[in-house]
Amino acid sequence: MQLHLDLVCAAFKETTGKLEENVSALQVKQEELDQEKITLIKQVKELTEANIALDAKMKKEVSVLRSESSTFVWNINGFSEILKRAINGTELEIYSAPFFTGKTGYKLSVCIQPNGNRSWKHSYLSVHLRFIKGPYDNILAWPFHYKATFTLIDQQEDPIKRQNVAQSVISHVSKPTSDFCSQEGILRFVSHKALQTRRYIVEDTLFLQVEVGPPC
């Protein structure tokens with residue numbers, strides 16, 4: 001009987017010892033899992049902060065791009081007389097008032113040659129973007145690498161029915177060293193024949209829109 005009790009006690013102690021070992025091992029494993037959890041939480045926090053910083057940077061870059069972009073609309077009155085002077089050689093080209101691409105941006109203006117240029121004379125209206133020396137040139141990026149989109153607006157009252165004439169040119173111009181540097185544009189922007197169609201000229205006035213922004 002005593003022998004049986006001794007065997008039972010020995011077995012109980014052995015089982016208890018194994019259970020204690022298992023509990024100890026589980027505690028160690030739990031501590032390891034807790035540490036891994038802390039590490040993962042830290043990594044998630046760091047990634048979240050990095051994403052927030054990246055998002056802020058991207059928003060800032062988009063804001064800068066928007067500030068350096070510009071849409072300018074030039075209403076050209078008395079166009080029939082302007083075209084007449086261009087045809088007889090009295091005034092071959094006219095210029096818009098200067099405008100800026102943002103509050104501290106590039107200084108530009110638009111030039112049109114109503115009777116065209118070079119081999120396209122007497123049949124097309126040519127448009128150009130002029131680069132003028134500006135007060136902020138020293139803090140701007142050069143060369144100027146932007147896309148200019150010229151749009152002759154169809155003055156239909158219903159915007160859905162309008163058929164605007166639009167063409168683009170990508171400029172790559174160095175920093176101006178004088179009041180007038182250079183100009184880039186489109187020689188065959190719109191033909192004289194097309195000008196008389198639709199409602200491009202209403203009450204002897206046409207509207208030319210110029211949108212300047214980073215190239216896609």
Side-chain angles (χ1 to χ4, degrees), residues 58-59 61-77 79 82-83 86 92-121 123-134 136-137 140-176 180-202 204-216:
M58 291 178 66
K59 286 181 178 178
E61 289 177 351
V62 169
S63 177
V64 170
L65 289 177
R66 286 176 177 170
S67 69
E68 293 180 351
S69 302
S70 176
T71 299
F72 173 75
V73 178
W74 184 15
N75 61 317
I76 304 171
N77 301 312
F79 183 74
I82 290 171
L83 179 59
L92 299 178
E93 53 192 26
I94 63 172
Y95 309 96
S96 75
F99 65 96
F100 290 87
T101 58
K103 292 182 179 179
T104 58
Y106 301 89
K107 186 177 182 181
L108 308 168
S109 76
V110 181
C111 166
I112 69 166
Q113 295 171 315
N115 198 35
N117 193 352
R118 300 177 189 173
S119 57
W120 308 112
K121 271 190 172 183
S123 54
Y124 279 86
L125 181 148
S126 303
V127 294
H128 303 271
L129 187 64
R130 302 174 71 236
F131 302 87
I132 305 171
K133 188 175 182 180
Y136 310 108
D137 288 353
L140 296 173
W142 297 97
F144 177 100
H145 184 56
Y146 282 72
K147 181 172 77 172
T149 300
F150 298 89
T151 303
L152 176 64
I153 299 175
D154 183 356
Q155 299 175 54
Q156 295 285 343
E157 292 184 0
D158 186 351
I160 297 176
K161 296 180 180 179
R162 291 177 182 174
Q163 295 182 17
N164 298 335
V165 176
Q167 293 193 53
S168 299
V169 60
I170 294 179
S171 300
H172 195 85
V173 177
S174 299
K175 180 180 176 182
F180 170 66
C181 177
S182 62
Q183 60 185 31
E184 292 188 10
I186 302 165
L187 297 182
R188 291 193 300 167
F189 177 60
V190 60
S191 69
H192 290 169
K193 183 178 180 180
L195 273 177
Q196 304 306 319
T197 65
R198 310 289 302 170
R199 287 176 60 83
Y200 298 121
I201 303 174
V202 177
D204 209 21
T205 298
L206 59 81
F207 288 86
L208 179 65
Q209 173 182 289
V210 184
E211 184 176 6
V212 180
C216 299

(request) Please round to the nearest 0.5 Å and tell me the distance separating atom CD1 of Ile82 and atom CG of Asp204. (result) 8.0 Å
(request) For residues Leu125 and Tyr200, determine if any side-chain heavy atom of one lies less than 4.5 Å from a side-chain heavy atom of the other. (result) no
(request) Would you give the length of the straight line joining atom CD1 of Ile112 to atom CG of Leu152, rounded to the nearest 0.5 angstrom? (result) 9.5 Å
(request) Using atom types as modelled and distance alone, determine if a side-chain donor or acceptor of Gln155 lies under 3.5 Å from a backbone N or O of Thr205. (result) yes
(message) With a 4.5 Å cut-off on side-chain heavy atoms, are Leu92 and Gln113 touching?
(response) no
(message) With a 3.5 Å distance limit and no angle check, can you tell me whether Asn164 reaches the backbone of Asp154 through a side-chain donor-acceptor pair?
(response) yes
(message) Any heavy-atom pair between the side chains of Gln167 and Val190 that's under 4.5 Å?
(response) no
(message) How long is the straight-line distance from CD1 of Ile170 back to OH of Tyr146, given to the nearest 0.5 Å?
(response) 13.0 Å
(request) Verify the ring-centre separation between Trp142 and Tyr106: is it less than 6.0 angstrom? (result) yes
(message) Looking at Glu93 and Ser126, would you say the former's side chain and the latter's main chain have a donor-acceptor pair under 3.5 Å?
(response) no
(message) If I compare all heavy atoms of Phe72 with all of Ala97, which pair ends up nearest, and what's the gap?
(response) CZ-O, 3.9 Å
(request) State the CZ-OG distance between Phe99 and Ser109, to the nearest 0.5 angstrom. (result) 7.5 Å
(message) When you compare the side chain of Thr197 with that of Gln163, does any pair of heavy atoms fall below 4.5 Å?
(response) no
(request) Flag the pair Phe207 / Ile76 as yes when at least one side-chain heavy-atom distance between them is below 4.5 Å, and no otherwise. (result) no
(message) Using side-chain contact (heavy atoms from CB on, under 4.5 Å), reason through Ile94 and Trp74 one step at a time and then give a plain yes or no.
(response) CA-CA 12 Å; Ile94 63 172; Trp74 184 15; 3.8 Å; yes
(request) Output the distance between atom NZ (Lys107) and atom CZ (Arg130), rounded to the nearest 0.5 Å. (result) 10.0 Å
(message) Please evaluate residues Phe131 and Leu108 with respect to the criterion side-chain contact (heavy atoms from CB on, under 4.5 Å), reporting the C-alpha separation (whole Å), side-chain torsions for both, the decisive distance (0.1 Å), and the verdict.
(response) CA-CA 5 Å; Phe131 302 87; Leu108 308 168; 3.6 Å; yes
(message) For the CD atom of Gln196 and the CD1 atom of Ile201, what is their distance to the nearest 0.5 Å?
(response) 5.0 Å
